[in-house]
Amino acid sequence: MKTPFVYKLIRKKATDATGARLCIVGVGKTGCMVVDRCAADSVGLKDTVAVIGMDGRHLESLGVATRIKIGDAKGAGGQVRVGREAAERDIEMLRGVVEGCDILIAVAGLGGGTGTGALPVLLKVARESGVFAVALVAMPFGFEGNLRRGVAEEGLKRIQDRADVVMLADAGDLALTGAKTDDPAEAAFARSLSALSAGVGSLWQVLATPTLMSLDQSDFKFLATKGSGTCVFVYGTASGVDRVAKATEMLKTSPGLSHLGGLKGTGGALLCVCGSHNLTMQEVADGIDPLNQELPEDSDVRTGVAIHEGWQNRYFVAAFVADRKRTVKAAPRTTKRTRTVKRGDSHSQVEQPEFNLDVPASPKSGAGRFNRMAATILDGENLDIPTYKRRGIELP
Amino acid sequence: MLPVVGLEIGTTKVVALTGEMLEDERIVLTGKGEHISVGLRKGEVVDLEKAAGCAKKALKEAADEGAVEVGEIVVAISGGHIRGQVYSGHTSIQGAEGLVSEDDIEDVEMNAESVSLPGDREMIHTIKQRYRVDDHERVVNPLNMAGSQLSLNILGIHGSRTHLRNLDRLAACFQTEVQDVVFGGLASALAVLTVEQKRSGVAVIDLGAGTTDYIAYADGVMACGGSLGLGGDHVTNDLVIAFNIAQKRAEALKCKHGMAIVESSASPEKIALPAELGFPARTVNLRSLNTVINARIDETLQKVKSRLEKEGLLARLGGGVILTGGGARMSGVQRLAESVFEVPCRIGNPGANVLQGTAVEGPEYATCCGLLQYALRMQKMNESEGRGSLFGQMFRGLFRGGVR
């Protein structure tokens, strides 16, 4: 099997309080950026995360120790099929990533090729290995077009089938959380990315670092039992005076939560609170109490509180809110067209990604008796082709 | 005790056996039925109706000989979709004075067995390995041991839901129900292994026509198992391609003249093949024949070897390698396996462990004999409520009949 370049598989594994091994993996460009950002922010995270992508040059530019390039192409080019086939071809490397883990937190942005195509494959490998699989995925911005949104929704279904818990965020919602109308676009974009990385970071902080109130794998597993196994990621962050009140308000009014009908409609939630060293007990209480009051009485809430090394005056709260309903609806599609397509301009149709996700990628073997069957492929070799031929043995 | 019926629907033949357990726990085979099989490739059903027809004939033959009315059957499953994996469960010890209680053991078992598999997979067996109490590893029975954390490793063997469902539908075709499904490799191991071999570490490789199943024991526990979609059919197919001869002729050539090792005889012998409809008369060089066969079987064994190597089991095979299945009949395969695994190899004989009311001889019956042993021991275990017998303890919670 060709292994283009694997730098190294994760050597260290972070563990939670019960000894469960944790691994955070970014898939695709967005996923890689989030994980890279998060690793740069949090002390000690760098060696326990991995990134998987198809664009070698982008991978090179990241500071994460474990970088895995799948496929031969330079990128998936927005084609889900390309991303999936690359992942399936290099499935052994994916297996190497999840090997020895108990919990996998996989991060990806949906709507592109690599994240949407390769993440389901990674999740499948994880589930097969008995790893508890958590997927944190971001839906694309509304203005990226309905096509991309459609790709993302189709991918999301796949992911929901395969992950134990899906944590869903909407890039637009993240960017608009606490935003004012005259905020520059640059800031909004940056905020979307930093919210995701802070969300992942806060999960890691409460799970894997010795902290004030830590969570363990069972707290994750409870999310899987609440509702559909899909929950929505919302957050609030602020610094300086009144940081807790500001952040809590930001979380409560976030657009992601309003799609759910506020905190009242939820069946359970995981709260991750991260603060700097000067976080006071009063602030912890002030931060969590108002959220608890809003949540329905019978809902199950697990709370983790951690101190983030290197933060000053910053307060961050992430909530992973499970919907009561069987399915969580993604944010409604944007109705406005942001780009006018000229009549006869069928360009967007030509580039439509393939959606034939159900057809396995295994080639038909062209070898005699096994002609009409799926080929036996092990370690990237089609074993239906006679061994002597593959080994290049000359018959006497 | 009640008689049981085992059915193995292989890629080239269907074998049905009936048997029962005597008072002194010895197993006696009472009936045997055998029929060539069609409708399967690589151990997986591709034509349900044809496969059911063959199975029905074999089943009837066995039932008549054994004078048994067939209502429920125990079926073997095999194929490249089967996967074995070690899962572990943990619990903190809650028993009085920090001693492991029966509840704790139950807890950890539940914990270990509750594996979340993807929707298209189904668990076939969960086999207990060893417990761990804190740092104390390889505990056989942790009851009343002191500690704070109890862990248990289990070997979970799971397969594709579609294929498992196919077996149910197949059984329904001849008005029977599937009482239990057993992984073919595990059945073969049950049929040919002794306790002593399991303790010193042993691998059983079942060389079937469509699949190659393997199970390895180390220190008395089942350490790994799985199946490859490679088998005797691949050998035949290679010969078809290499010499451009008909399928049937290749099969006959393989069985009559084939050898798994290439002997460096000075004068290469030629085998004459008479003309046949569509194929002219010709000769085949015996060395070429064996070279093709050797390459394929060597590769198959190498694949198994690399799987065992991954689990760190190669150095622990003190009991050697046991070969079963029709492929074990191929001459020279024992020597080839010895050179691949570098441990002594034997051909397993399932007939040795049972009393024979009917003649069952040869490694190809290992799986089906194992099915009977499995079903009968399971029956025995259910009677004596599981606890107590070692077999029962190992396989608790694995009887699927009640669940489905």
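Chain letters run A, B, ... following the sequence lines, proteins first, then strands; residues in each count from 1. Computed from a prediction, not measured in an experiment: that's the story for all the values here.
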With a 4.5 angstrom heavy-atom cut-off, could you sort out which part of Ile393(A) is near chain B: side chain, backbone, both or neither? side chain
Salt bridge present between Arg127(A) and Asp120(B) (N-O < 4.0 angstrom): no
Output, in order, the C-alpha distance, side-chain angles, deciding distance and verdict of salt bridge (Lys or Arg N to Asp or Glu O under 4.0 Å) for Glu99(A) and Lys310(B). CA-CA 12 Å; Glu99(A) 213 159 64; Lys310(B) 241 186 220 166; over 6 Å; no
Heaviest contributor of heavy-atom pairs below 4.5 Å to chain A, chosen from Leu117(B), Leu239(B), Asn294(B), Val115(B), is Leu117(B)
Among all residues two or more places apart in sequence or in another chain, which pass the ring-ring contact (aromatic ring centres under 6.0 Å, His included) test with Phe233(A)? Phe320(A)
Just so I know, are the side chains of Arg121(B) and Lys124(A) near enough to count as touching, which here means a heavy-atom distance under 4.5 Å? no
Would you check if the side chain of Thr376(A) reaches a backbone N or O of Gly229(B) as a donor-acceptor pair within less than 3.5 Å? yes
Quick one: closest heavy-atom pair of Arg83(B) and Glu128(A), and the distance? NE-OE1, 4.1 Å
Inter-residue atom distance Thr387(A).OG1 - Gln302(B).CD, 0.5 Å rounding: 11.0 Å
If I compare all heavy atoms of Asn237(B) with all of Asp384(A), which pair ends up nearest, and what's the gap? ND2-O, 4.1 Å
Go through the steps to decide whether Leu378(A) and Arg307(B) satisfy the test side-chain contact (heavy atoms from CB on, under 4.5 Å), and finish with yes or no. CA-CA 11 Å; Leu378(A) 278 178; Arg307(B) 293 265 184 116; 3.5 Å; yes
Between chain A and each of Gly156(B), Ser306(B), Ser288(B), count heavy-atom pairs under 4.5 Å; write down the option with the most. Ser288(B)
Which bit of Glu299(B) is near chain A, if near means a heavy-atom gap under 4.5 Å: side chain, backbone, both or neither? both
Heavy-atom side-chain proximity of Arg287(B) to Leu395(A) below 4.5 angstrom: no
In this structure, OG1 of Thr300(B) is separated from CG of Leu383(A) (nearest 0.5 Å) by 8.0 Å
Minimum heavy-atom separation for Tyr388(A) and Ala295(B), please, with both atom names. N-CB, 4.0 Å
Is there side-chain contact between Arg162(A) and Pro118(B), with heavy atoms separated by less than 4.5 Å? no
What one should report as the nearest heavy-atom pair of Arg296(B) and Pro386(A) is NH2-CA, 3.6 Å
Closest heavy-atom contact between Ile241(B) and Lys389(A)? CG2-NZ, 3.5 Å
